[in-house]
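I have placed the structure first, in the form of structure tokens, so that the comments after it can refer back to it.
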2 protein chains.
Amino acid sequence: MNSDANTRRKDTRGEISGCALRLFAERGYAAVSMRDIAEAVGVRQGAIYNHFASKQELLAELMTSHLEAVLRAHEAALAGVAGPVARLEAFARFHVGYHLDYPADVFIAYMELRSLEPEGFRRINAMRSRYEGTLRAILAEGAAAGLFSIGDPAVHARALLAMLTGVTVWYREGGRLDRATIIEDYVRATLQSVGLRMPRGGDKECSTQP
Amino acid sequence: MNSDANTRRKDTRGEISGCALRLFAERGYAAVSMRDIAEAVGVRQGAIYNHFASKQELLAELMTSHLEAVLRAHEAALAGVAGPVARLEAFARFHVGYHLDYPADVFIAYMELRSLEPEGFRRINAMRSRYEGTLRAILAEGAAAGLFSIGDPAVHARALLAMLTGVTVWYREGGRLDRATIIEDYVRATLQSVGLRMPRGGDKECSTQP
DNA sequence: GTCTATACTGGGATAGAC
DNA sequence: GTCTATCCCAGTATAGAC
């Protein structure tokens, strides 16, 4: 039906995005050259400019599509979840799970904001703020209802986001701990940080230690 | 008595360190040129090489002296503090306080590890691991004693470090919140995250909201 | 749409006068 | 120890053949 990205013809644009994403995450935007990206894709440097007008546009595109995906998935994850406690748990579970699945995307969106030129920065920072705002609202609501014991909701929101996002810094697939364990640990830390004690008992049988 | 950095003669080396620190923190190592640093200092580019052999050595030097200072201050802050609960509180209070005082140093040491060449990386990463290890030990001890309710101590240590270190990302002097409030909020989040409830009552009178 | 080739800029680092 | 001047290379982006 549609003409684009349809058949299995090689999708150069997509491969450029993928390689750039990985390299930016590994070394940082400024430390990666268009030649590096081209080599990873298997084309010559000039070919990239058939798909992206500039390195800057490539970065902005990566961040935009990532943030759009995050916001969509995040809204879906919290849709129909009611009450600050349940919403906070859902937020933490979604956030860590998503970050385990897309560590490079997340890392870039978190770290390379400063590499954006003013226009892109404003647009993309606004998307990030929306996301942060939903967590802040949950915390403020829980605090107002007397359910949470926290200081300033904005401070706590940033503290939790830093904590949850930090999972991308050290997590590597096939490591000592599996995905489910890590998520539960972060969810527990999140809920306890606002003064709650465990979501539901030991949660998935507390068999961490033998 | 000593011959170096003694009188008030201009300390070019120190100014290079200071400007490089600030610029690396603002834009990232790869995005800052030796010309940028020289301009900030007020000398010509070549003059830097009278004090540092290379840009890479300059970065390694900044990170090393920072980490040495952190480890010293951290040991002093925890010296004589006994018991996992008190030590965890002292750790959190020290960590956030130090990071509020030296945000640029901390940010670089956290973010620019990947910009180090192999030799410097090993050396400096070992220093970071020592620091992380002290927190992990506190958590493991508290968990073993049944005082803390956490999952894997290594996961929780990294989660807390990311949370506490993240204060440098958003804190700006003269903002809405003062230093003491921010520290107390982070300390509270830290202690609660392991399942404790408040260090001592409301702590400094809970007058956050009017 | 990809290639080769190139324009142009800016980077790290060095040489030698002062 | 700092300066000016320069080397050499890598970087982004473009032009034009295929």
Side-chain angles (χ1 to χ4, degrees), chain A residues 2-24 26-63 108 112 114-120, chain B residues 2-24 26-63 108 112 114-120:
Chain A
N2 56 16
S3 58
D4 207 6
N6 189 0
T7 65
R8 267 300 274 111
R9 300 238 187 98
K10 62 181 176 184
D11 172 20
T12 305
R13 187 188 157 94
E15 288 185 30
I16 293 170
S17 294
C19 292
L21 182 74
R22 180 172 55 79
L23 290 171
F24 288 165
E26 281 171 13
R27 305 182 208 164
Y29 174 78
V32 174
S33 72
M34 295 298 253
R35 283 181 178 88
D36 294 334
I37 299 168
E39 192 185 5
V41 173
V43 295
R44 298 295 184 176
Q45 188 213 169
I48 297 179
Y49 292 89
N50 292 321
H51 303 277
F52 296 93
S54 66
K55 190 185 172 189
Q56 179 69 203
E57 184 190 291
L58 177 48
L59 174 64
E61 224 279 323
L62 289 177
M63 293 176 72
I108 289 172
E112 297 294 358
R114 66 182 172 188
S115 299
L116 289 169
E117 282 156 18
E119 186 198 326
Chain B
N2 56 17
S3 58
D4 206 7
N6 189 0
T7 63
R8 271 297 277 111
R9 301 239 185 97
K10 64 180 174 183
D11 171 21
T12 305
R13 187 188 156 93
E15 287 184 32
I16 293 170
S17 293
C19 292
L21 182 74
R22 180 172 56 77
L23 290 171
F24 287 166
E26 282 172 12
R27 304 180 209 166
Y29 174 77
V32 174
S33 72
M34 294 298 255
R35 284 179 176 86
D36 293 334
I37 299 168
E39 192 186 5
V41 174
V43 296
R44 297 297 181 171
Q45 185 213 18
I48 296 179
Y49 291 89
N50 293 320
H51 303 278
F52 296 93
S54 66
K55 189 185 174 190
Q56 178 70 202
E57 185 190 290
L58 177 49
L59 175 64
E61 225 278 324
L62 289 177
M63 292 175 73
I108 289 173
E112 298 294 358
R114 66 181 173 189
S115 299
L116 289 169
E117 283 155 19
E119 188 198 323

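Lettering follows sequence order; numbering is per chain, from 1.
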query: Could you state the CZ-P distance from B:F52 to C:dT14, rounded to the nearest angstrom?
result: 15 Å
- line: Of C:dG12, D:dT14, D:dT2, the nucleotide closest to the side chain of B:H51 is D:dT2
message: Which nucleotide wins on minimum distance to the side chain of A:K55, given the candidates D:dG1, C:dT2, D:dT12?
response: D:dT12
query: Would you say B:M34 and B:F52 make side-chain contact, with heavy atoms under 4.5 Å?
result: no
query: What's the closest nucleotide to the A:Q45 side chain, out of D:dT12, C:dT14, D:dT2?
result: D:dT12
message: Nearest 0.5 Å, please: how far is NZ in B:K55 from CD1 in B:I37?
response: 6.5 Å
- request: Tell me what A:V32 touches on the nucleic acid: a base, only sugar-phosphate, or nothing, going by heavy atoms under 4.0 Å.
  value: sugar-phosphate
query: Under a 4.5 Å cut-off applied to non-hydrogen side-chain atoms, are A:N50 and A:T12 in contact?
result: no
message: In whole Å, I'd like the distance from the CD atom of B:E39 to the C1' atom of C:dG12.
response: 17 Å
query: Which whole-number value in Å describes the distance from A:M34 CE to C:dT2 P?
result: 13 Å
query: Any side-chain N or O of B:R44 less than 4.0 Å from the OP1 or OP2 oxygen of D:dT2?
result: no
query: Where the side chain of B:V43 is concerned, which of C:dA13, D:dG1, D:dC3 is the nearest nucleotide?
result: D:dC3
message: Counting only side-chain nitrogens and oxygens, does B:S54 get under 4.0 Å of the OP1 or OP2 atom of C:dG12?
response: no
message: Rounded to whole Å, please give me the gap between CG in B:L58 and C1' in C:dG11.
response: 15 Å
field: base_contact_polar (C:dG10 base, B:R35 side chain, donor-acceptor, <3.5 Å)
entry: no
query: Considering residues, nucleotides and ligands other than B:R44, do more than 12 of their heavy atoms fall under 6.0 Å from its CZ?
result: no
- prompt: Could you state the CD1-P distance from B:I16 to D:dG1, rounded to the nearest angstrom?
  reply: 10 Å
statement: With the side chain defined as heavy atoms from C-beta on, A:S33 is closest, among C:dT2, C:dG12, D:dG11, to D:dG11
- request: Nearest whole angstrom, please: distance from the P of D:dT14 to the OH of A:Y49.
  value: 7 Å
field: Spacing between B:R27 atom CZ and C:dG11 atom C1', to the nearest angstrom
entry: 14 Å
query: Roughly, in whole Å, what's the span from CG in B:L59 to C1' in C:dG12?
result: 15 Å
query: Quick one: are B:Y29 and B:Q56 in side-chain contact, heavy atoms under 4.5 Å?
result: yes
